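Have a look at the structure below, then the notes.
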Amino acid sequence: MASTDTGMPLDAAAIMSTVLEGILYGFSVLMFIGTIWIFTYKKRTRDVNRPIAAVAVLLFLLSTMHMVIDIIQLEDGLVKYRNTFPGGPAAFFADYTQEMYVVKAALSLMQTLLADGVVVYRCYVIWQSVRVVILPCMVWCAVAVCGGFTVYDLSLASDADSVFTDQAGHWVTAFIILTFTTNLSSSGLLAYRIWTIERNISTVHTRRGIRPIVRVLVDAAVLYSAINLSAIVCFALSNNGTYVIGNFLISPTISISFYMVFIRIAINEDTQKFVSAFSGTVEADRGIPLHRPMQTLQIAFRENNTSSWLK
């Protein structure tokens with residue numbers, strides 16, 4: 001059973017975090033609907049970016065499964081086994097050997113790999129260089145390895161306290177830090193590349209079109225990185241806040257940070273101005289040369305398919 005010096009009791013943490021997860025999950029569902037609408041509205045089937053649409057659907061399914069398991073587990077701990085589980089509800093939620101904990105950890109791992117993989121892919125598409133994404137790809141593979149060992153070792157953990165001290169704790173720490181590093185480095189490279197493209201374009205309309213895109217990507221990276229950083233701090237302090245963040249809040253946040261890029265680009269009023277400015281001005285105005293990444297941007301916007309390069 002978790003000791004009191006690790007923060008709030010785990011039964012109270014389970015109630016609070018499930019409520020918060022439900023709120024965030026509701027937002028993610030609305031954003032998922034908006035994302036699918038963006039993918040399909042007034043578009044032919046062959047024009048839909050199927051791989052990214054598949055990732056969006058998978059993230060939705062994984063977060064839904066995670067939410068359902070959390071509700072079932074909350075009912076089991078507070079109602080079904082309240083008087084029969086040794087140590088009561090607090091001990092129930094501290095028992096990481098339960099199958100549901102292992103399943104939730106596996107779901108979170110798959111969500112993390114999908115989200116980080118998409119960020120790395122964005123970086124590759126805009127840079128059009130394999131060398132740039134070698135390091136993010138290596139870190140992504142390390143995330144997969146650490147995540148696999150984390151799921152396995154969590155299934156062997158005796159209670160919540162042992163997660164901070166046993167071998168599982170080392171894998172959890174490595175997993176969170178590597179995920180944080182993958183997202184931050186890939187998003188930083190992506191934002192930097194778009195910023196350098198903006199510097200090479202002198203037209204005011206084009207710059208107005210690119211800047212909101214950079215802000216969208218940076219905001220998504222900050223949201224995702226903030227939740228990971230919070231988990232790192234809580235884990236370093238051996239605080240049960242890690243339980244709240246890792247088991248409940250990261251799952252819907254991953255989906256939200258993924259969907260928000262599509263939605264904010266779609267509602268950006270400057271996007272259409274960027275289309276006309278970029279396609280009609282960049283090639284002819286002042287003899288500015290088009291490099292390959294800029295051609296990728298031009299083609300994507302001409303086809304009104306921002307997801308083809310953002311994702």
Side-chain angles (χ1 to χ4, degrees), residues 24-41 43 47-63 111-128 133 136 140 179-180 182-195 197-198 208-228 249-275 278 293 296-301 303-311:
L24 292 176
Y25 174 75
F27 280 114
S28 69
V29 170
L30 293 176
M31 297 178 72
F32 169 73
I33 295 173
T35 300
I36 296 301
W37 181 84
I38 292 170
F39 281 153
T40 59
Y41 182 67
K43 290 184 180 180
D47 294 331
V48 176
N49 192 327
R50 296 182 182 179
I52 301 305
V55 172
V57 173
L58 282 174
L59 286 175
F60 170 73
L61 293 177
L62 291 172
S63 61
Q111 276 190 290
T112 300
L113 292 177
L114 280 173
D116 290 350
V118 167
V119 175
V120 174
Y121 176 68
R122 292 179 195 164
C123 187
Y124 166 74
V125 171
I126 194 61
W127 277 90
Q128 292 292 307
V133 297
W140 184 87
T179 300
F180 178 81
T182 302
N183 178 71
L184 205 61
S185 60
S186 299
S187 299
L189 287 170
L190 180 59
Y192 172 75
R193 183 54 178 161
I194 298 176
W195 177 70
I197 291 175
E198 177 189 1
R208 288 178 179 174
I210 290 180
R211 286 172 183 171
I213 296 173
V214 177
R215 286 198 296 267
V216 169
L217 296 173
V218 170
D219 288 348
V222 168
L223 174 63
Y224 189 28
S225 299
I227 197 74
N228 281 307
L249 300 186
I250 284 184
S251 177
T253 302
I254 290 175
S255 299
I256 289 173
S257 63
F258 178 82
Y259 300 143
M260 68 182 291
V261 175
F262 291 106
I263 294 175
R264 289 186 59 184
I265 290 294
I267 65 177
N268 186 352
E269 295 180 352
D270 289 334
T271 301
Q272 293 301 323
K273 295 180 182 180
F274 180 52
V275 175
F278 201 91
T296 303
L297 284 171
Q298 180 182 7
I299 293 171
F301 275 96
E303 294 177 352
N304 194 25
N305 183 14
T306 56
S307 63
S308 65
W309 67 274
L310 281 176
K311 307 301 180 197

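As the structure is a computational prediction, the values presented were derived from the model and not from experiment.
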Spacing of Tyr121 atom OH and Leu190 atom CG [to the nearest 0.5 Å]: 12.5 Å
Looking at OG of Ser255 and CD1 of Ile250, how far apart are the two atoms once the value is rounded to the nearest 0.5 Å? 12.0 Å
What's the separation between atom CZ in Arg122 and atom CG in Leu189, rounded to the nearest 0.5 Å? 13.0 Å
Using the side-chain contact (heavy atoms from CB on, under 4.5 Å) criterion, which residues pair with Leu223? Sequence neighbours excluded. Thr253, Ile256, Ser257, Met260
Could you list the residues that satisfy side chain to side chain donor-acceptor pair (under 3.5 Å) with Tyr259, not counting sequence neighbours? none
Where Phe32 and Ala56 come nearest, the two heavy atoms and their spacing: CE1-O, 3.6 Å
Taking side-chain contact (heavy atoms from CB on, under 4.5 Å) as the definition, give me every residue that meets it alongside Val29, ordered by chain and number, with sequence neighbours left out. Tyr25, Ile33, Phe60
Is there a side-chain contact between Leu184 and Asn228, using heavy atoms and a 4.5 Å cut-off? no
Kindly give the heavy-atom pair with the smallest separation between Cys123 and Ile126, and that separation in Å. O-CG2, 3.4 Å
Asn183: what forms a side chain to side chain donor-acceptor pair (under 3.5 Å) with it, not counting sequence neighbours? Ser225
Is the shortest heavy-atom distance from the side chain of Val55 to the side chain of Leu59 under 4.5 Å? yes
Taking Thr182's backbone N and O only, do any of them form a donor-acceptor pair with Ser185's side chain (distance below 3.5 Å, no angle check)? yes
Could you tell me if the side chain of Tyr192 sits less than 4.5 Å from the side chain of Trp127, heavy atoms only? yes
Contacts of Val222 meeting side-chain contact (heavy atoms from CB on, under 4.5 Å) (sequence neighbours excluded), chain-then-number -> Val218
Evaluate the side-chain proximity of Tyr224 to Thr112: yes if any heavy-atom separation is below 4.5 Å, no if none is. yes
Are side-chain N/O atoms of Gln111 and Ser251 paired as donor and acceptor at under 3.5 Å? yes
Closest heavy-atom pair, Ile254 versus Ala115, reported as atoms and distance to 0.1 Å, is CG2-CB, 3.4 Å
